[in-house]
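In what follows, a structure is listed as structure tokens, so that the remarks can point back to it.
This one's a predicted model, so the numbers in the text were calculated from it and none came from an experiment.
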Amino acid sequence: MDKNRQINDYIELFEDDIKDDGRNSSKGNQLKWENNGFWYKADYLGYEGLAEYIVSNLLIKSTLQADEYVIYEPVNIKYKSVTYTGCKSQDFSNGHQIITLERLFKNQFGDGLNKGIYSITDHKTRLEFIVQQVERVTGIKDFGIYMNKLLTIDALFLNEDRHTHNISVMIKDGKYILCPIYDNGASLLSDTKMDYPLGADIYEEIDDVRSKTFSDRFDEQLEISEVLYGNNLYFHFTDKDVDRILAKTDIYSDDVKNRVKDIISEQKRKYSYLFRKK
């Protein structure tokens, strides 16, 4: 049997393809594989792969440049005797090493960045601390603008798992650069196993979602970043764009897709100021 076969509508992967990418989630760790220039992630708590796909493809309809974010596609993954839903993305490292902010600071100072953030009481000062420390260690300029873009995406799509273990920079030949925006799988109430079960009232669930970067309120995080670094990201996707993208996800149920559509509609209403005609 050939290894890593693409068979009909699934990819078959094997144990020696499994990778630890050094990124930890507060909600557990998905199975991840690397093969032939692609990364694969299996759904773990619900429909993380669908969330990655939807968010990344809606970012196409934004003011971000194509090299600023990672595109994901839905895929069925066969591993051993189990077939998982999930997603895949091309390896975007281009020879760079990807380093999370937590690992960057542990390597540099012996302590992680997260500990420093939460030793500060004032939330505005926390974000300033993140930006100033990353710029000081890496030499990257305008990291505050990058953080505003991340926090805008997180607020609109309800990404509850953005913390120092999955915000990254990249390094090659001693030079640091910004990392394309990735890892939005904890968006859109994708955790149906633990926290946001299917069939529950999504408006109540939306109220329950908490952010994790430097505050537990998405609105507060976004507002602070806008005050400090301005508004740096706008969207122009429509309901028809959402329908078109969802129509290509046959591996997920209609119940899940309808739920995602309703969540996006509510978030568009809430953050209408982030939308501009192209």
message = If I compare all heavy atoms of Met170 with all of Pro180, which pair ends up nearest, and what's the gap?
response =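 Reported closest heavy-atom pair: CE-CD, 3.8 Å.
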Would you say the side-chain atoms of [X] pair up with the backbone N or O of [Y], donor to acceptor, closer than 3.5 Å?
| X | Y | answer |
| --- | --- | --- |
| Asn166 | His163 | yes |
| Ser190 | Gly185 | yes |
| Asp195 | Asp191 | no |
| Ser211 | Thr213 | no |

task = Taking the side chain as every heavy atom from C-beta outward, state whether Phe214 and Glu220 have any pair of such atoms under 4.5 Å apart.
result =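 No, too far: nothing below the 4.5 Å cut-off.
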message = Is any side-chain heavy atom of Val55 closer than 4.5 Å to one of Tyr72?
response =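 Side chain of Tyr72 against side chain of Val55, heavy atoms only: no contact under 4.5 Å found.
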ask   = Can you list the steps and then say if Trp33 with Phe38 is a ring-ring contact (aromatic ring centres under 6.0 Å, His included)?
value = CA-CA 8 Å; Trp33 302 263; Phe38 285 89; over 10 Å; no
task = State whether the number of non-hydrogen atoms from other residues, nucleotides or ligands found under 6.0 Å of Lys172 atom NZ is greater than 12.
result =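 For Lys172, atom NZ is crowded (more than 12 foreign heavy atoms under 6.0 Å).
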query = Around atom NZ of Lys106, are there more than 12 heavy atoms of other residues, nucleotides or ligands at under 6.0 Å?
reply =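 At most 12 heavy atoms, drawn from other residues, nucleotides or ligands, come within 6.0 Å of this atom.
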request  = State the CD1-CG distance between Ile181 and Asp183, to the nearest 0.5 angstrom.
outcome  =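 It comes to 12.0 Å.
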query = Any ion pair linking Asp241 and Arg244 (charged N to carboxylate O, less than 4.0 Å)?
reply =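 Yes.
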ask   = Between Phe157 and Phe275, is there a shared hydrophobic cluster once you connect ILVMFWY residues whose side-chain heavy atoms come closer than 4.5 Å?
value =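 Both belong to a single hydrophobic cluster.
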